[in-house]
Amino acid sequence: MKRLSSIIDSGAETVREALGKPANAKVGLVLGSGLGFMADRLEKSVKIPYQKIPGFLASTVIGHEGNLVFGELSGVEVVAMQGRFHCYEGYDPADIVTPLYLLKRIGVEGLIITNASGGINTDYQAGDLVVIRDIINFSFHNPLIGENDDAIGPRFPDMSTVLDVDWYDRVKNRLKEKNKELKTGTYVFALGPMYETPAEIRAFRYLGADLVGMSTVPELIACRHCGIRPFGISCVTNMAAGVLMQKLSHQEVMDTANRVKDTFASLVKVVVESYA
Ligand code: HPA
């Protein structure tokens, strides 16, 4: 456990050196598949490649650049993880969330966690942005397995609200002023890296899932563990296997994420503006 603390300490020191001053971002962003472009929309940005920061792994997936980017969005200081790590890359779930503990150490209080997902709920369509209200951990992997560092968080964290409800209410009210509504749903974490089978999707629907993906749940668990307020946003890049009787591909995921770039960027802005 001392190892985790010392990794976080040296990561925080690396960040301070790269910025030339202590970090001042209260809001963080984890950018999922095809959504990393958002980090390039930050103003006054400073980019630190993951390989320079202790505690960060290497991004191995196309569409996950691998930079920690500090900057401003709508005048609010933020820090973005441009690219994330997945269990299917062979990484230990505990190592996947080390960067989040580092974000917490440098002052991040609220984290917008984004991803690409398959739509299980047939009210959704490709291109929809859905707020993650609850999760089902069908991967049976967990970043908290192993010795617990009580200085970081409790052994048995409460997960009864996966979404920061106050933050969500502020976002909802702001959108209402613009006559816009947000969908919410339950996200099921399937390990991947294969896309699911139609039978698995039927089973997930029966269990109450609206969205399926291969990420996000470790990060949401880590947030609740260490006391970061989480706000998950899923971009439905395709309907899940068997829903439309068509094959699934990473290209489709990237193409849809690309198509909804501007809508996604406006939503993220509203969520950032609503943090305080
Ligand atoms: N399944 C799992 N992960 C995904 C999907 C999907 O259909 N689409 C984007 N990420």
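The analysis underlying the following values was restricted to heavy atoms, covering all of them including side chains, and did not include hydrogens, waters or symmetry mates. Counting from 1, the numbers follow the sequence of the chain as shown. It should be emphasised that the depicted structure is a prediction, and the values quoted were computed from it without experimental measurement. When a ligand or atom number is given, it counts from 1 through the structure's own listing order.
For the pairing with N115, the side chain to side chain contact (heavy atoms under 4.5 Å, CB included) check across L31, V217, I132, L35 returns one residue only, I132.
Within the structure, every pair that satisfies the ring-ring contact (aromatic ring centres under 6.0 Å, His included) test and touches residues 118-174, not counting sequence neighbours, is listed here: F138-F140, F138-F204, W167-F231, W167-Y275.
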| task | Take L267 and V271, measure what side chain to side chain contact (heavy atoms under 4.5 Å, CB included) needs, and give me the verdict at the end. | result | CA-CA 6 Å; L267 175 59; V271 179; 4.1 Å; yes
| request: Go through K261 and N258 one step at a time and tell me if the side-chain hydrogen bond (donor to acceptor under 3.5 Å, both in side chains) criterion holds. | output: CA-CA 5 Å; K261 262 182 175 174; N258 194 39; 3.2 Å; yes
Quick one: ligand 1 N/O to protein N/O pairs below 3.5 Å?
unit_1, atom_1, unit_2, atom_2, d
ligand 1, 1 (N), E196, OE1, 2.8
ligand 1, 1 (N), E196, OE2, 3.4
ligand 1, 7 (O), N238, ND2, 2.9
ligand 1, 8 (N), G118, N, 3.4
ligand 1, 8 (N), N238, OD1, 2.7
ligand 1, 10 (N), A116, O, 3.3

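Side-chain atoms of Q82 come within 3.5 Å of backbone atoms of G36 as a donor-acceptor pair (strictly under, hydrogens ignored). With hydrogens and angles disregarded, no donor-acceptor distance shorter than 3.5 Å links the side chain of Y50 to the backbone of E65.
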